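Predicted model, so just to flag it, every value in this text is computed and none were measured. Throughout, residue positions are numbered sequentially from 1 according to the sequence presented.
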Amino acid sequence: MKIKYLFLFLCVVILLVVPIFLLPRLVNIKEIICKSQFGSCPIEISTLLDSAKDKSLYYSKKEINSHLKESLIVERYSTAFKLPNIIEVFVIIKKPFYAVKTKDGLTFLILKDGLVISKVASTNLPTLEINSNLEINNRLDEKHLFALRVISDIFSLYKIHLSKIERESLLVEIENGPKVIFPLEGDNKVLVGAFRMLFEQLNSGSEKFRIEKALNQITIDLRYKNPIIK
């Protein structure tokens with residue numbers, strides 16, 4: 001009698017345990033659904049994950065893990081198997097702070113530390129135009145990163161029509177406002193504060209700052225100790 005119960009117990013264990021080991025190797029994944037905190041996953045992530053389709057659950061998840069661990073833009077992720085043959089992936093994307101438009105017209109997203117993480121068709125982030133090209137995984141030098149900090153500070157205050165590196169300086173054109181020339185070093189908060197004060201004085205119509213020009217024809221040059229308005 002004891003042998004009979006032992007046999008039944010072993011059969012139950014086998015029925016429960018064996019599928020756990022066999023299922024990942026028997027199920028062939030046909031669809032991978034990827035979502036992020038922003039909605040759909042970026043195209044570079046979706047493209048990577050497509051290569052994990054038409055493989056067993058075991059190898060598909062292994063490949064997904066490998067791709068996402070190596071990704072520059074993924075902060076963390078989770079996966080879940082869904083019957084009959086789907087893997088759902090949810091990723092937390094690192095937050096880009098800036099964007100750069102290169103001389104060949106491509107736009108790249110940049111992390112706060114200057115790392116280039118992805119290429120996009122368009123963005124609402126403050127964008128700097130540069131006269132060179134970039135690749136994903138490049139890191140911006142301090143000169144370009146400083147320019148982006150300045151642009152970001154201005155972006156929170158005014159609408160920017162154009163911002164670009166020109167003759168070793170940063171040129172910013174304010175929408176319906178003046179052109180501003182910034183140095184590529186110093187204290188970005190102090191520089192933007194100085195610009196804001198001068199711009200408000202120009203807008204106020206103060207006699208001290210009266211210039212017989214429309215605002216969009218005025219240039220404020222902050223590269224010198226004493227700013228020049230012309």
Side-chain angles (χ1 to χ4, degrees), residues 36-38 42-45 68-76 91-175 177-200 202 216 218-230:
S36 75
Q37 75 270 39
F38 304 119
I43 190 167
E44 57 265 42
I45 295 295
L68 295 183
K69 283 178 181 177
E70 293 175 1
S71 173
L72 296 172
I73 67 173
V74 174
E75 187 169 310
R76 59 184 184 273
V91 298
I92 300 296
I93 303 295
K94 292 178 182 177
K95 181 184 177 183
F97 278 74
Y98 319 113
V100 166
K101 188 174 183 179
T102 62
K103 69 177 183 179
D104 54 11
L106 300 177
T107 301
F108 292 86
L109 300 183
I110 316 294
L111 294 182
K112 194 173 184 177
D113 64 0
L115 184 66
V116 181
I117 60 168
S118 64
K119 181 169 59 177
V120 294
S122 62
T123 179
N124 292 322
L125 290 171
T127 303
L128 173 68
E129 294 186 13
I130 62 174
N131 193 32
S132 57
N133 291 324
L134 287 175
E135 297 289 341
I136 292 172
N137 204 25
N138 286 168
R139 193 177 292 274
L140 298 181
D141 60 24
E142 184 54 37
K143 175 179 69 176
H144 290 92
L145 197 51
F146 180 82
L148 284 167
R149 293 190 195 107
V150 172
I151 294 166
S152 180
D153 289 342
I154 296 174
F155 188 79
S156 64
L157 300 169
Y158 309 105
K159 288 184 178 181
I160 296 176
H161 173 66
L162 172 72
S163 57
K164 63 180 180 178
I165 300 291
E166 187 177 85
R167 297 174 188 156
E168 293 303 307
S169 301
L170 169 63
L171 173 65
V172 179
E173 294 183 11
I174 304 300
E175 191 171 300
K179 295 184 178 74
V180 195
I181 304 173
F182 292 92
L184 293 175
E185 60 182 3
D187 188 320
N188 56 293
K189 299 293 184 185
V190 170
L191 287 167
V192 173
F195 160 64
R196 186 179 183 183
M197 181 193 71
L198 291 170
F199 189 24
E200 288 177 355
L202 288 168
N216 59 7
I218 293 173
T219 298
I220 300 173
D221 194 338
L222 293 169
R223 292 174 295 176
Y224 309 100
K225 184 176 181 180
N226 295 315
I228 298 172
I229 301 176
K230 53 187 179 181

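A pairwise comparison of heavy atoms in N138 and E135 identifies OD1-N, 2.7 Å as the closest pair. Among all heavy-atom pairs drawn from R223 and P183, the shortest one is CG-N, 3.8 Å. Heavy atoms only, all atoms of each residue included: S118 and E44 are closest at CB-OE2, 2.6 Å. The heavy-atom pair separating P96 from I117 by the smallest distance is CB-CD1, 4.3 Å. When all heavy atoms are compared, the tightest approach of I130 to H144 is CG2-CD2, 3.4 Å. In terms of heavy-atom proximity, S152 sits nearest to P126 at CA-CG, 4.1 Å.
You'll find the side chain of V180 stays beyond 4.5 Å of the side chain of I154, heavy atoms only. For the pair L125 and I110, the minimum side-chain heavy-atom distance is 4.5 Å or more. The shortest distance between side-chain heavy atoms of I45 and L68 falls below 4.5 Å. In this structure the side chain of K179 reaches within 4.5 angstrom of the side chain of L171, judged on heavy atoms. Counting heavy atoms from C-beta outward, F97 and L148 have side chains that stay 4.5 Å or more apart. Contact of the L106 side chain with the L134 side chain is not registered, since no non-hydrogen atoms from C-beta on lie closer than 4.5 Å. Between Y98 and K112 there is a side-chain heavy-atom pair separated by less than 4.5 Å.
More than 12 heavy atoms of other residues, nucleotides or ligands lie within 6.0 Å of NZ in K94, so this atom counts as buried by the packing criterion. Within 6.0 Å of atom CZ in R139, more than 12 heavy atoms from other residues, nucleotides or ligands are found, so the atom counts as buried in its surroundings. Atom CD of E185 sits in a sparse spot, with 12 or fewer heavy atoms from other residues, nucleotides or ligands closer than 6.0 Å. Within a 6.0 Å radius of CG in N124, other residues, nucleotides and ligands contribute 12 heavy atoms or fewer.
T102 contributes no side-chain N or O that, together with a main-chain N or O of V100, makes up a donor-acceptor pair within less than 3.5 Å. The main-chain N or O of Y158 is never found under 3.5 Å from a side-chain atom of E175 such that the two would form a donor-acceptor pair.
Applying the side-chain hydrogen bond (donor to acceptor under 3.5 Å, both in side chains) test to N226 and every residue at least two apart in sequence or in another chain returns nothing. Applying the ring pair (Phe, Tyr, Trp, His ring centres under 6.0 Å) test to F182 and every residue at least two apart in sequence or in another chain returns nothing. Here K119 pairs with nothing under the salt bridge (Lys or Arg N to Asp or Glu O under 4.0 Å) rule; sequence neighbours left out.
Considering V150, L170, V172 as possible partners of L128, the one that fulfils the side chain to side chain contact (heavy atoms under 4.5 Å, CB included) test is L170.
Annotation: the span from F146 atom CZ to L191 atom CG amounts to 5.0 Å, rounded to 0.5 Å. Distance check: I73 CD1 to I92 CD1 gives 12.0 Å after rounding to the nearest 0.5 Å. Atom CG of D113 and atom CG of L145 lie 8.0 Å apart (nearest 0.5 Å). To the nearest 0.5 Å, atom NZ of residue K103 and atom NZ of residue K164 are 14.5 Å apart. Here I181 contributes atom CD1 and R167 contributes atom CZ; the two are 8.5 Å apart, rounded to the nearest 0.5 Å. To the nearest 0.5 Å, atoms CD1 (I93) and CZ (R76) are separated by 11.0 Å.
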Any chance you could lay out the side-chain contact (heavy atoms from CB on, under 4.5 Å) test for D153 and K189, step after step, and finish with the verdict? CA-CA 7 Å; D153 289 342; K189 299 293 184 185; 3.1 Å; yes
Between I174 and F195, does the side-chain contact (heavy atoms from CB on, under 4.5 Å) criterion hold? Intermediate values first, please. CA-CA 11 Å; I174 304 300; F195 160 64; 3.8 Å; yes
Run I165 and L184 through side-chain contact (heavy atoms from CB on, under 4.5 Å) and show every step you take. CA-CA 9 Å; I165 300 291; L184 293 175; 3.7 Å; yes
side-chain contact (heavy atoms from CB on, under 4.5 Å), that's the test. Do L222 and L198 meet it? Break it down for me. CA-CA 10 Å; L222 293 169; L198 291 170; 4.0 Å; yes
